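Here is the structure we will look at, set down as structure tokens.
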Amino acid sequence: MLEVKSIPEAGLTIAEAARRTGVSAHTLRYYERAGLVVTRVDRTSGGRRRYRKLDLDWIKICTKLRATGMPIKLIRRYAELVSAGRGNEQERLALLEAHRADVLDRLAELQENLKLIDRKIGVYRGRLEAGDADGLWAPGSSGSGMTR
């Protein structure tokens, strides 16, 4: 969860950025190596990363896209388009719309799966309330089939 607090002018250390974004320092390094960030993360003279608000905002976007199942390859492409600046908005839009359609398909599949779970819960509740749970099918038993 992105923590909203002011960021010092010098930026945040990787540990502070990890704490504020809710991702590990390892994940932050990975995002940078994998080309998922839109700007170069600042470094101190000693080479230590310093994260700015823009970096944290982008990390939030990346984590949300990953949470919706967007492949790293597509997040990288999206980051490349954003980094390139103006003129590719149609391609960005097409990428996001295609991903949205994929998410909606997965949501529909999850809804169907949830219906099955709800039916099974109803069967179990009904049998338990009726004191007839022994009639529920179990592997190796002579129960009445897999519908239970």
Side-chain angles (χ1 to χ4, degrees), residues 1-129 133 136-140 143 145-148:
M1 186 74 65
L2 187 63
E3 184 178 309
V4 180
K5 278 177 39 177
S6 64
I7 295 175
E9 188 175 324
L12 299 174
T13 66
I14 195 165
E16 293 166 325
R19 184 179 52 76
R20 288 199 190 189
T21 59
V23 299
S24 68
H26 173 77
T27 298
L28 292 174
R29 287 185 203 96
Y30 172 75
Y31 279 8
E32 191 175 347
R33 279 191 322 273
L36 305 182
V37 294
V38 294
T39 60
R40 281 185 55 108
V41 174
D42 289 341
R43 303 267 182 159
T44 65
S45 58
R48 297 193 183 273
R49 290 170 176 84
R50 299 302 289 188
Y51 291 85
R52 310 277 182 213
K53 181 176 183 335
L54 176 64
D55 302 318
L56 299 185
D57 290 345
W58 185 255
I59 290 161
K60 180 179 180 182
I61 290 169
C62 287
T63 57
K64 295 293 184 184
L65 292 174
R66 279 300 295 145
T68 63
M70 182 180 274
I72 294 293
K73 177 180 164 183
L74 287 180
I75 296 173
R76 182 181 302 114
R77 180 64 186 142
Y78 183 59
E80 289 167 356
L81 292 169
V82 170
S83 293
R86 290 180 169 80
N88 60 31
E89 293 82 4
Q90 281 300 124
E91 191 175 348
R92 291 186 221 176
L93 176 61
L95 185 147
L96 292 171
E97 286 178 335
H99 181 64
R100 182 179 191 279
D102 291 342
V103 170
L104 288 172
D105 288 346
R106 284 198 319 274
L107 282 171
E109 184 178 342
L110 283 172
Q111 288 291 344
E112 283 302 309
N113 295 340
L114 183 58
K115 286 178 188 176
L116 171 96
I117 293 168
D118 287 342
R119 281 194 304 272
K120 301 231 11 114
I121 288 170
V123 168
Y124 277 84
R125 282 191 178 140
R127 289 293 185 98
L128 287 168
E129 288 170 7
L136 293 170
W137 178 82
M146 290 183 61
T147 61
R148 307 262 166 43

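Just so it is clear, the model here is predicted, and its values are computed rather than measured.
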Original post:
Taking it one step at a time, do K115 and E112 satisfy salt bridge (Lys or Arg N to Asp or Glu O under 4.0 Å)?
Top reply: CA-CA 5 Å; K115 286 178 188 176; E112 283 302 309; 3.1 Å; yes
Subject >> Where A25 and A18 come nearest, the two heavy atoms and their spacing >> reply: N-CB, 3.7 Å
Original post:
What distance separates R29 CZ from S24 OG, expressed to the nearest 0.5 Å?
Top reply: 8.0 Å
Original post:
Does L107 have any side-chain contact (heavy atoms from CB on, under 4.5 Å) partners at least two apart in sequence or in another chain, and if so, which?
Top reply: V103, L104
Original post:
Considering all heavy atoms of both residues, which atom of G35 and which atom of A79 are nearest to each other, and what is their separation?
Top reply: O-CB, 3.9 Å
Original post:
Taking the side chain as C-beta and beyond, is there a heavy-atom pair between D118 and L114 under 4.5 Å?
Top reply: yes
Subject >> With sequence neighbours excluded, residues passing side-chain contact (heavy atoms from CB on, under 4.5 Å) with S83 >> reply: V38
Subject >> Side-chain (E129) to main-chain (G126) donor-acceptor, under 3.5 angstrom >> reply: no
Taking only distance into account, with no hydrogens and no angle test, what donor-acceptor pairs under 3.5 Å do side-chain atoms of residues 40-50 form with protein atoms, sequence neighbours excluded?
residue, atom, partner, partner atom, Å
D42, OD2, R52, NE, 2.7
D42, OD2, R52, NH2, 3.0
R43, NH1, G47, O, 3.0
R43, NH2, E32, OE2, 3.2
T44, OG1, G46, N, 3.2
T44, OG1, G47, N, 3.4
T44, OG1, R48, N, 3.1
R49, NE, E32, OE1, 2.6
R50, NE, A10, O, 3.1
R50, NH2, G11, O, 2.6

**OP:** State the CD1-CZ distance between I59 and R20, to the nearest 0.5 angstrom.
**Re:** 12.0 Å
**OP:** For L93, check side-chain contact (heavy atoms from CB on, under 4.5 Å) against everything at least two apart and list the hits.
**Re:** Q90, E97
Original post:
Who passes side-chain hydrogen bond (donor to acceptor under 3.5 Å, both in side chains) against T63, sequence neighbours left out?
Top reply: none
Subject >> Spatial distance of atom OH (Y30) from atom NE2 (H26) [nearest 0.5 Å] >> reply: 8.5 Å
Subject >> Rounded distance (nearest 0.5 Å) linking atom CG of L74 with atom CG of L36 >> reply: 11.0 Å
Original post:
Side chains of L95 and M70: does their closest heavy-atom pair fall under 4.5 Å?
Top reply: yes
Subject >> Which residues share a side-chain hydrogen bond (donor to acceptor under 3.5 Å, both in side chains) with E109, sequence neighbours left out >> reply: none
Subject >> Selection residues 46-104 - residue pairs positive for ring pair (Phe, Tyr, Trp, His ring centres under 6.0 Å), sequence neighbours left out >> reply: W58-Y78
**OP:** Working to the nearest 0.5 Å, report the span between NZ of K64 and NZ of K60.
**Re:** 6.0 Å
Subject >> side-chain hydrogen bond (donor to acceptor under 3.5 Å, both in side chains) involving R92 - partner list, sequence neighbours excluded >> reply: N88
Original post:
Is any side-chain heavy atom of L28 less than 4.5 Å from a side-chain heavy atom of D55?
Top reply: no
Original post:
Would Y31 and T21 satisfy side chain to side chain contact (heavy atoms under 4.5 Å, CB included), going step by step from the backbone distance to the final call?
Top reply: CA-CA 13 Å; Y31 279 8; T21 59; over 6 Å; no
Original post:
Quick one: salt bridge (charged side-chain N to carboxylate O under 4.0 Å, His left out) pairs with a partner in residues 66-82, sequence neighbours left out?
Top reply: R77-E80, R77-E91
